[in-house]
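What follows is one structure encoded as structure tokens, with my remarks underneath.
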Amino acid sequence: MANTYTWDFPQLDAAPTEGSLSDVVKTIYYRLTATSDQTNSDGEPHMVSAYGTANLGDASGDSFTDFNSITKDQCKAWTLEVLEKTEAEMKTLVDEQLTALITPPVVGKVPSGW
């Protein structure tokens, strides 16, 4: 099973000002989506997502990035740092969800004679 991964950052919450800085990112909303090369009965690929927030601390003028210069790679790095996870660990989490979706460890059933 080969999975592909997509990081999305649908929203950044920013404080209008913090000290002498403006548009200071405080919260990153993230989504990591894993898409399998295996398809469901409708021919669509199996997909799962991990979604959450990463709350950043106080801004530092020494390492501050202007809001309009922030990249998706920076958001990913900041998110992983806050979550204290590596990208490989995050991919493992969604891989496990995808495996459970494709081959459920438990299925609901009733005996045929009922």
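For the single chain, residues carry numbers from 1 onward in sequence order.
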Side chains of K72 and W7, heavy atoms from C-beta outward: is any pair under 4.5 Å? no
Can you measure from CZ (R31) to OG1 (T79) and round to the nearest 0.5 angstrom? 13.0 Å
Considering all heavy atoms, the nearest P45-S36 contact: CB-O, 3.5 Å
Straight-line distance of E89 CD to E84 CD, nearest 0.5 Å: 10.0 Å
Is the closest side-chain heavy-atom distance between F64 and E18 below 4.5 Å? no
Can you name the nearest heavy-atom pair linking T53 to T27, along with the distance? CB-CG2, 3.8 Å
Please answer: with hydrophobic residues joined when any side-chain heavy atoms are less than 4.5 Å apart, are V82 and V25 in the same cluster? yes
Is the side chain of D8 donor-acceptor paired with the backbone N or O of P10 at a distance under 3.5 Å, no angle test? no
Exam field: side chain S49 to backbone Y51, donor-acceptor pair closer than 3.5 Å: no
Interatomic spacing from OG1 in T6 to CG in L32 - rounded to 0.5 Å: 8.0 Å
Between OG on residue S69 and CG on residue D23, distance to nearest 0.5 Å: 11.5 Å
Please tell me whether V24 and F9 are part of a single hydrophobic cluster in this structure, the criterion being side-chain heavy atoms less than 4.5 Å apart. no
Do Y5 and L83 belong together in a cluster built from hydrophobic side chains that touch within less than 4.5 Å? yes
Taking the side chain as every heavy atom from C-beta outward, state whether K76 and Y30 have any atom pair closer than 4.5 Å. no
How long is the straight-line distance from CG of N3 back to CG of D95, given to the nearest 0.5 Å? 4.5 Å
Can you hop from L101 to M47 via hydrophobic side chains spaced under 4.5 Å? no
CG (L98) and OG1 (T35) are apart, to the nearest 0.5 Å, by 8.0 Å
Below 4.5 Å, heavy atoms only, C-beta onward: do L56 and I28 meet side chain to side chain? yes
Does the pair W78 and L12 meet the rule for a side-chain contact (heavy atoms from CB on, under 4.5 Å), with working shown? CA-CA 12 Å; W78 292 338; L12 305 177; over 6 Å; no
For Q11 and D13, the nearest pair of non-hydrogen atoms, with its separation, is NE2-OD1, 2.5 Å
Does K26 come within less than 4.0 Å of D58, counting only side-chain N to carboxylate O? yes
